[in-house]
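Treat the numbers as computed from the prediction; the structure is a model and nothing was measured. First the proteins, then the strands, lettered A, B, ... as listed; each starts at 1.
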Amino acid sequence: MKTAPRLLAAGALVAALGLATAITARAADQTLLNVSYDPTRELYAQFNEAFARHWKDTTGNTVTIEQSHGGSGKQAQAVIDGLAADVVTLALEGDINAIAEKSGLIDENWRAELPNKSTPYTSTIVFLVRKGNPKAIAAWGDLIEDGVEVITPNPKTSGGARWNYLAAWAWASKANAGDEQKTVDFIKALYGNVPVLDTGARGSTVTFAQKELGDVLLAWENEAFLVLDEFGAGDFDIVYPSSSILAEPPVAIVDKNVEARGTAAVAKAYLDYLYSPEGQTLAAANHYRPSDPAGVTDPALIAAFPAIDLISIDDPLFGGWKTAQPKHFGDGGIFDQIYTPAQ
Amino acid sequence: MYEQDVAVYDSRRIVPANAHTSPTTERPLVRRTLILVAVAFMALTLVLPLVLVFVEAFRKGADTYFAAFADRHSQTAIALTLTVAAIAVPLNLVFGVAAAWCVAKYEFWGKSFLTTLIDLPFSVSPVVSGMVYVLLFGAQSVLGPWLRSMGIEIIFAVPGIVLATIFVTFPFIARELIPLMQAQGSTDEEAALSLGATGWQTFWRVTLPNIKWGLLYGVLLCNARAMGEFGAVSVVSGHIRGRTTTMPLDIEILYNEYNFAAAFAVASLLALLALVTLLIKTILEVRFGAELAGTRRH
Amino acid sequence: MVGYLTRSTPPLSDGPVPALPPVPGLIARLRPGPPGWSFVKPSILPGFRLTFGYTLVYLSLIVLIPIIGLFLKAASVPLEEIVRIATAPRTLKALEVSFGSSLIAALVNVVFGLIVAWVLVRYRFFGRRLLDAIVDLPFALPTAVAGIALSALYAPKGWVGSLFSERGPLWQWWQAQTWLPFGISEFAPNLKIAYTPSGIVIALIFIGLPFVVRTVQPVLEEFEAELEEAAATLGASRLQTIVRVILPRLTPAVLTGFALAFARAVGEYGSVIFIAGNLPHISEIAPVLIVIKLEEFDQAGAAVIAGIMLVIAFVMLLVINLIQAWSRRRFGDV
């Protein structure tokens with residue numbers, strides 16, 4: 001058998017070539033890695049293009065922006081484990097805090113480095129229902145009715161799902177005049193109506209829109225609008241509850257990584273550009289609420305956001321992420337308790 | 001009820017479905033029912049999912065289907081998948097031959113323990129397979145800071161994906177070869193050695209021709225699994241679009257971008273690979289059935 | 001190479017041979033280790049040191065060292081914390097869901113795998129070769145593709161799921177069977193498959209089927225027809241022959257196939273996450289719990305659960321090897 005050694009040699013050659021291409025591919029122009037959460041795919045696809053053009057115009061340099069998307073917590077853990085992100089744009093303050101605490105890659109005072117507590121855009125949680133709203137869902141209280149199936153991802157793995165949970169909590173706490181036991185009961189009844197807990201916001205949207213499971217999807221405002229664009233506005237309606245949560249997805253530079261890679265200037269410019277009129281307009285066009293509405297060039301985009309009562313995580317009701325995170329979502333926290341069967 | 005009054009005892013083990021009843025086979029009704037049950041079960045659990053992949057891929061027409069492969073990210077994903085398989089499969093091939101030689105040709109203490117260890121990756125959850133490398137090479141591990149200072153990237157880069165792929169496909173070729181080489185025994189090799197061949201000559205000219213079809217079969221299965229691995233690669237990839245996404249991860253990303261036609265198009269490529277694998281395997285079995293006798297055991 | 005002895009003729013016995021310097025072109029004979037006790041039975045074939053050494057090094061680098069790393073990570077957790085994580089209701093439930101679904105799926109696969117293997121070996125019919133080829137599909141098809149396809153099939157609006165869903169054709173047919181006693185036709189259950197534990201079982205059946213078929217098939221092919229003939233001559237009915245003669249002979253192969261399908265199913269992730277509802281305490285499998293722990297920044301907790309699963313996987317494989325050894329002793333092969 002003369003062919004067998006040749007086959008082996010050819011295999012080794014292919015392997016070596018593969019390695020070589022993998023190595024050369026890395027030695028390209030200056031690149032920036034933005035590690036982000038699930039629903040921002042479309043926003044950053046557009047924003048990256050705009051920024052690359054802006055960077056070329058102002059400095060003459062070429063920058064290629066790479067994206068990594070996934071559940072916010074998973075992405076933060078990946079950065080802690082060594083995913084060489086230059087900037088992180090995650091769903092929760094707590095996830096960036098975790099990177100700062102566990103790896104020291106990000107300066108502890110990162111929230112002060114950029115305007116508006118490092119939050120270039122905010123969002124909120126709305127209801128997405130089937131066309132004509134057959135189950136007549138108008139308020140948070142309707143979600144615990146018998147026969148209503150609610151689709152929301154798992155708060156343990158999805159940033160968006162935590163905002164969903166907190167929005168429901170805020171409404172129930174107010175409706176029950178602050179009675180915590182009744183609020184927990186409401187949350188328990190709500191999750192009793194959830195047939196599937198996907199691990200990420202995107203998984204839930206696919207379950208609701210593509211597989212047609214459930215009556216109402218608790219979704220990011222931008223995600224709900226995206227469903228209308230992608231799956232056809234004829235099949236779904238967006239319902240705004242009377243009150244919801246002020247979701248603040250923050251951004252930060254991964255200081256140690258940009259130092260090591262020499263990308264500090266471009267990373268800073270990248271995040272600053274999010275606050276520029278162009279960045280704010282792109283955010284608004286993708287149905288994120290801009291932190292600086294005055295900068296948005298098209299006033300129609302701002303008018304499209306209905307004014308509803310938005311409660312912040314820093315409200316005394318929650319006491320900020322550092323308090324709310326362990327209380328609600330920590331190991332053995334309220335979310336774990338509502339899923340523990342009665343003994 | 002069996003028919004005791006049948007005079008002819010048909011001892012053929014292989015009976016056409018319409019043959020008359022003999023005591024060593026079942027009644028035609030039973031036979032047909034069993035065939036129907038087997039076919040229905042396989043159709044429901046195995047064939048339908050495969051059909052669905054192709055139906056969904058072509059749902060929006062052939063143009064959309066082929067447009068999915070024009071996408072730059074999908075092309076880099078295909079290239080990365082091929083690269084990873086091109087590194088992982090030859091390495092496992094060499095290992096598989098070495099392990100099979102040492103396990104099948106010798107009797108030594110602790111052999112069954114060694115084969116159990118070789119089999120271990122097969123029953124380890126893919127998630128755990130990826131996780132062990134993150135724990136070993138991740139930034140929080142003992143090795144992490146040193147690797148970082150040396151500028152070596154393993155996790156969230158191509159080497160990590162290759163390692164995870166090697167891990168999950170580790171036993172495939174060895175598992176195919178060990179029973180085959182055990183069944184064939186060592187007499188051919190002993191004859192060659194007695195005629196004056198060197199060890200390497202014996203291996204290349206006697207052993208390898210004997211096991212070549214089993215080896216090819218193992219390589220095919222190993223390759224299909226290497227290209228299709230999702231769980232383990234997902235843990236170590238970092239999901240950097242266009243850099244560390246393999247085809248199965250690209251499918252997940254496309255699916256999460258609501259681009260179902262493209263997701264199923266890339267999936268259909270992997271399904272096609274699976275079908276080609278099965279086709280080659282069937283051809284091998286039809287033509288070289290005797291030489292593959294030992295390889296039916298997984 | 002020290003330790004290699006050469007002779008001009010092949011040895012007839014395994015006894016020790018006087019040492020000679022290596023001579024090129026002559027036959028190398030292996031005598032591993034020092035004289036006296038040796039852990040390997042001497043053999044004429046060369047290359048034990050090379051292949052055994054390479055096997056050990058490669059095995060250690062790829063498998064053993066990373067797994068030891070995992071156990072070290074798990075061991076960094078205080079003992080009471082390990083016990084707490086391992087006995088937390090959610091962990092136990094996830095392990096129960098994983099092992100329970102795997103057990104059901106492996107049992108279903110034993111029944112249908114036996115039928116499929118039987119049909120493939122004993123009968124000749126149109127499309128048999130195709131059916132035979134398709135058995136291996138789960139080996140070749142990526143699990144993520146299988147998961148997406150299965151969830152699309154068995155979702156309430158899918159091709160199969162819609163048959164079983166509320167007011168689907170099967171539901172209506174069952175409702176129409178008013179002749180059934182006790183009015184049980186009115187009790188028409190809403191059979192959901194996807195996003196329930198049944199969905200997990202479906203995915204695990206998919207990945208496990210070839211293991212049972214491919215272990216039973218060769219034994220059935222080599223089955224001595226004389227045994228069946230003897231049974232029939234002695235007046236056994238066909239059913240008696242199958243139950244008392246054929247099935248006992250297949251037992252080791254069936255057990256091996258069952259254990260392989262079970263072991264593979266316990267760790268499965270890619271295909272299950274798409275079709276399971278992932279509800280804690282209901283349809284959350286252990287590998288998903290590991291991923292959740294990882295995403296909660298709890299690597300130690302994840303390592304503990306992963307360690308538990310690893311130990312179980314290793315024990316399962318040992319059991320499989322024991323079954324095979326037992327069967328070799330009893331029947332001469334598997």
Inset, instruction - Please lay out, stage by stage, how C:Phe52 and B:Tyr106 fare under the test ring-ring contact (aromatic ring centres under 6.0 Å, His included). - result: CA-CA 10 Å; C:Phe52 185 75; B:Tyr106 303 98; 9.1 Å; no

Result block: side-chain N/O donor-acceptor pairs under 3.5 angstrom for residues 57-66 of chain C, not counting sequence neighbours:
| unit_1 | atom_1 | unit_2 | atom_2 | d |
| --- | --- | --- | --- | --- |
| C:Tyr58 | OH | B:Asn92 | OD1 | 2.8 |
| C:Ser60 | OG | C:Leu56 | O | 2.6 |

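Considering only heavy atoms from C-beta on, C:Val315 stays 4.5 Å or farther from C:Ile312 through its side chain. For the pair B:Phe95/B:Ile118, a side-chain contact is recorded, criterion being any heavy-atom separation below 4.5 Å from C-beta on.
Neither the backbone nor the side chain of C:Ala286 comes within contact range of chain B, judged by heavy atoms closer than 4.5 Å. Neither the backbone nor the side chain of C:Leu72 has a heavy atom closer than 4.5 Å to any heavy atom of chain B. For chain C, the nearby parts of B:Phe122 are the backbone and the side chain; heavy atoms of each come within less than 4.5 Å. Neither the backbone nor the side chain of B:Leu279 comes within less than 4.5 Å of any heavy atom of chain C. Both the backbone and the side chain of B:Leu48 come within less than 4.5 Å of a heavy atom of chain C. Within the 4.5 angstrom heavy-atom criterion, only side-chain atoms of C:Ile242, from C-beta onward, approach chain B. Looking at C:Ile205, the atoms closer than 4.5 Å to chain B (heavy atoms on both sides) all sit in the side chain, from C-beta outward. At a 4.5 Å heavy-atom cutoff, B:Phe172 makes no contact with chain C through either its backbone or its side chain. Proximity to chain B (any heavy atom under 4.5 Å) is restricted, for C:Leu209, to the side chain, taken from C-beta onward. Heavy atoms closer than 4.5 Å to chain B are found nowhere in C:Ile202, neither backbone nor side chain. For C:Ile68, no part sits under 4.5 Å from any heavy atom of chain B, backbone or side chain. Of the two parts of C:Ala302, the backbone and the side chain both hold a non-hydrogen atom closer than 4.5 Å to a non-hydrogen atom of chain B. Proximity to chain C (any heavy atom under 4.5 Å) is shown, for B:Val142, by neither the backbone nor the side chain. With a threshold of 4.5 angstrom between heavy atoms, C:Phe262 does not approach chain B through any atom at all. Both the backbone and the side chain of B:Glu189 come within less than 4.5 Å of a heavy atom in chain C. Using a 4.5 Å cut-off between heavy atoms, C:Val135 contacts chain B through both its backbone and its side chain.
With respect to chain C, the highest number of heavy-atom pairs below 4.5 Å among B:Leu275, B:Val128, B:Thr45, B:Leu278 belongs to B:Leu278. The residue among C:Ala265, C:Ala117, C:Pro287, C:Ala152 with the most heavy atom pairs within less than 4.5 Å of chain B is C:Pro287.
C:Phe211 does not carry C:Arg264 over the face of its six-membered ring by the limits of under 6.0 Å from the centre and within 45° of the normal.
Listed here is the closest heavy atom pair of B:Phe230 and C:Thr143: CB-OG1, 4.3 Å.
B:Lys105 places a side-chain N or O within 3.5 Å of a backbone atom of B:Gly185 that can act as its donor or acceptor partner.
Classification of the B:Trp200-B:Phe203 ring pair by plane angle, with boundaries at 30° and 60°, yields perpendicular.
Near-neighbour residues of residues 96-103 of chain B relative to chain C, defined by a heavy atom under 4.5 Å from a heavy atom of that chain, comprise B:Ala98, B:Ala99, B:Trp101, B:Cys102.
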